[in-house]
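Worksheet: the structure to be examined is printed underneath.
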Amino acid sequence: MTRPLEGKIAVVAGATRGAGRGIATALGEAGATVYCTGRSVAGSPGMKNRPETIQQTADIVTARGGRGIAVRVDHTVPSEVSSLFERVGDFDILVNDIWGGDDLVEWGKKLWETKLEDGLTLIDRAIKTHVITSYYGVPRLRRSGIVFEITDGDAYFYRGHFFYDLVKTTVIRMAFSLAQELQDRAATALAVTPGFLRSEWMLDHFGVTEANWRDATTKVKEFIASETPLFVGRCIAALAADANVAQKNGRVFASWDLAEEYGIHDADGTRPHFVRWVREHMPEVAAGWKKADDGFYAYWGKMPYGMPG
């Protein structure tokens, strides 16, 4: 396996599970040193009922050929984030994937029907954390470095829930704003979304494992087009290794499109394309889209399992 990121240093903020773990893993595959940050350590989970830890992620990174370094950080606390980057020093890749909102989104409810305190907590965890991390991290970013904002959805359409929509569109805008402010340093910022993410949480929700995940398609047929977190991770690694990535500066990209552009495959050798699959196999949904994916998230936001990303 080629190691195009050998010698590069990455910080994956929010690397405990899901897309963050997949991204850290893929950066390790490409040879990078990866600082894996989050709140969850052995004996002290950052989210209730979740067993994953940042040390597990760091171990996976190392096993894949990179160098994984676990650092316990609460990204809502500026002093902890500042200390993180003092330890890291100059680096090349920043991935903002802090989330922690799975238990805070009340799907199917309008703003005034939700628990306000949960919505404001979601803003703290999934917007403010990204701001704080970039505030302390970007000054340490080397010339020609890159910042990734991990979002859900590749355009500005409603995502089925006020606070979820606010968070996921805001981080897209963050990438655009950072792209403007990084120009004099030849650095790049962009946003990336996975498709229907087969995360640890989603597997548990459907009562399956990665070994038998297809069993869930008997109840949720669109799950057949899902992707592992490694898939979007490999897309991130390909972008980080692309000498022409600056041409994408300030924009938002989807894993399904990046995979076709860079020739990326998932862990099982497939190349999932969730939107294409829905168009081909669920025409009743696709027929309601006014343009590419318009109305898509309004539809999925009504699903009992929430968003596919």
Side-chain angles (χ1 to χ4, degrees), residues 9-29 32-64 66-77 80-81 83-85 87-88 91 93-105 121-122 124-134 136-137 148-152 164 167-168 171 192-194 197-205 209-210 227-234 236-237 255 267 306-307 309:
I9 299 174
V11 175
V12 180
T16 309
R17 62 185 66 83
R21 175 172 285 188
I23 293 165
T25 301
L27 292 172
E29 282 184 340
T33 293
V34 186
Y35 286 83
C36 307
T37 76
R39 296 175 298 155
S40 295
V41 295
S44 181
M47 291 184 64
K48 62 181 180 181
N49 302 320
R50 293 307 324 171
E52 301 85 11
T53 69
I54 53 172
Q55 186 58 58
Q56 291 172 346
T57 302
D59 290 344
I60 294 170
V61 171
T62 301
R64 291 298 183 101
R67 181 187 176 209
I69 302 171
V71 184
R72 198 273 179 194
V73 179
D74 184 338
H75 285 265
T76 65
V77 181
E80 292 190 18
V81 180
S83 295
L84 165 69
F85 287 106
R87 173 176 175 176
V88 172
F91 70 109
I93 302 162
L94 174 59
V95 180
N96 269 322
D97 185 52
I98 311 108
W99 167 235
D102 288 333
D103 296 331
L104 299 173
V105 179
T121 299
L122 186 59
D124 286 342
R125 290 184 182 177
I127 294 180
K128 288 185 179 180
T129 54
H130 291 226
V131 174
I132 293 167
T133 303
S134 290
Y136 289 105
F148 294 100
E149 287 287 341
I150 308 305
T151 185
D152 191 355
Y164 190 92
V167 166
K168 297 305 182 181
V171 297
V192 176
T193 178
L197 193 66
R198 206 156 66 240
S199 64
E200 301 90 345
W201 184 93
M202 193 66 77
L203 289 169
D204 287 349
H205 185 73
T209 67
E210 185 57 32
E227 63 193 56
T228 75
L230 183 63
F231 189 60
V232 69
R234 287 175 170 170
I236 293 288
S255 62
M307 300 301 294

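Residues passing the salt bridge (charged side-chain N to carboxylate O under 4.0 Å, His left out) test with Glu52, sequence neighbours excluded: Arg17, Arg50. Not counting sequence neighbours, the partners of Ser199 by the side chain to side chain contact (heavy atoms under 4.5 Å, CB included) test are Leu197, Trp201, Met202. Legend: residues meeting side chain to side chain contact (heavy atoms under 4.5 Å, CB included) with Thr62, ordered by chain and number and at least two apart, are absent. Taking Asp59 as the reference, Gln55 meet the side chain to side chain contact (heavy atoms under 4.5 Å, CB included) condition, with sequence neighbours excluded. With sequence neighbours excluded, the residues that form a side chain to side chain donor-acceptor pair (under 3.5 Å) with Asn96 are Ser134, Glu149. By the side chain to side chain contact (heavy atoms under 4.5 Å, CB included) test, Thr76 is found to be paired with Asp74, Thr129, residues two or more places apart in sequence or in another chain being considered. Residues meeting the side chain to side chain donor-acceptor pair (under 3.5 Å) test with Thr133, sequence neighbours left out: His75. Listed by chain and residue number, nothing satisfies the side chain to side chain donor-acceptor pair (under 3.5 Å) test with Thr16 (two or more places apart in sequence, or in another chain). In terms of the side chain to side chain donor-acceptor pair (under 3.5 Å) criterion, residue partners of Thr57 (sequence neighbours excluded) are, by chain and number, Arg21. Listed by chain and residue number, nothing satisfies the ring-ring contact (aromatic ring centres under 6.0 Å, His included) test with Tyr136 (two or more places apart in sequence, or in another chain). When the salt bridge (charged side-chain N to carboxylate O under 4.0 Å, His left out) test is applied to Asp124, the partners found at least two apart in sequence or on another chain are Lys128.
To the nearest 0.5 angstrom, Asp103 atom CG is 11.5 Å from Thr121 atom OG1. In this structure, Ile98 CD1 and Ile150 CD1 are separated by 10.5 Å, a value rounded to the nearest 0.5 Å. Taking CZ from Arg39 and CZ from Arg72, the interatomic distance works out to 7.5 Å, rounded to the nearest 0.5 Å. The OG1 atom of Thr25 sits 6.5 Å away from the CG atom of Leu230 when rounded to the nearest 0.5 Å.
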Practice task
Begin from the C-alpha positions of Leu94 and Phe85 and carry the test side chain to side chain contact (heavy atoms under 4.5 Å, CB included) through to its verdict.
Solution key: CA-CA 11 Å; Leu94 174 59; Phe85 287 106; 4.1 Å; yes
Exercise for the section: Check the pair Val34, Arg64 against side chain to side chain contact (heavy atoms under 4.5 Å, CB included), reporting the backbone distance first and the verdict last. Expected result: CA-CA 11 Å; Val34 186; Arg64 291 298 183 101; over 6 Å; no
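Across every non-hydrogen atom of Ala126 and Val167, the tightest pair is CB-CG1, 3.4 Å. Counting all heavy atoms, side chain and backbone alike, Gly14 lies closest to Asp97 at O-OD2, 3.3 Å. Across every non-hydrogen atom of Cys36 and Ala24, the tightest pair is SG-CB, 4.2 Å. The two residues Ala10 and Leu27 make their nearest non-hydrogen contact at CB-CD1, 3.8 Å. Taking every heavy atom of both residues into account, Trp99 and Arg125 meet most closely at O-CB, 3.4 Å.
Checking Thr228 against Glu210 by side-chain atom types alone, no donor-acceptor pair falls below 3.5 Å.
Distance alone, capped at 3.5 Å, places no donor-acceptor pair between the Thr151 side chain and the Thr193 backbone.
Partner of Val11 under the side chain to side chain contact (heavy atoms under 4.5 Å, CB included) criterion, chosen from Val95, Leu84, Val73, Ile93: Leu84.
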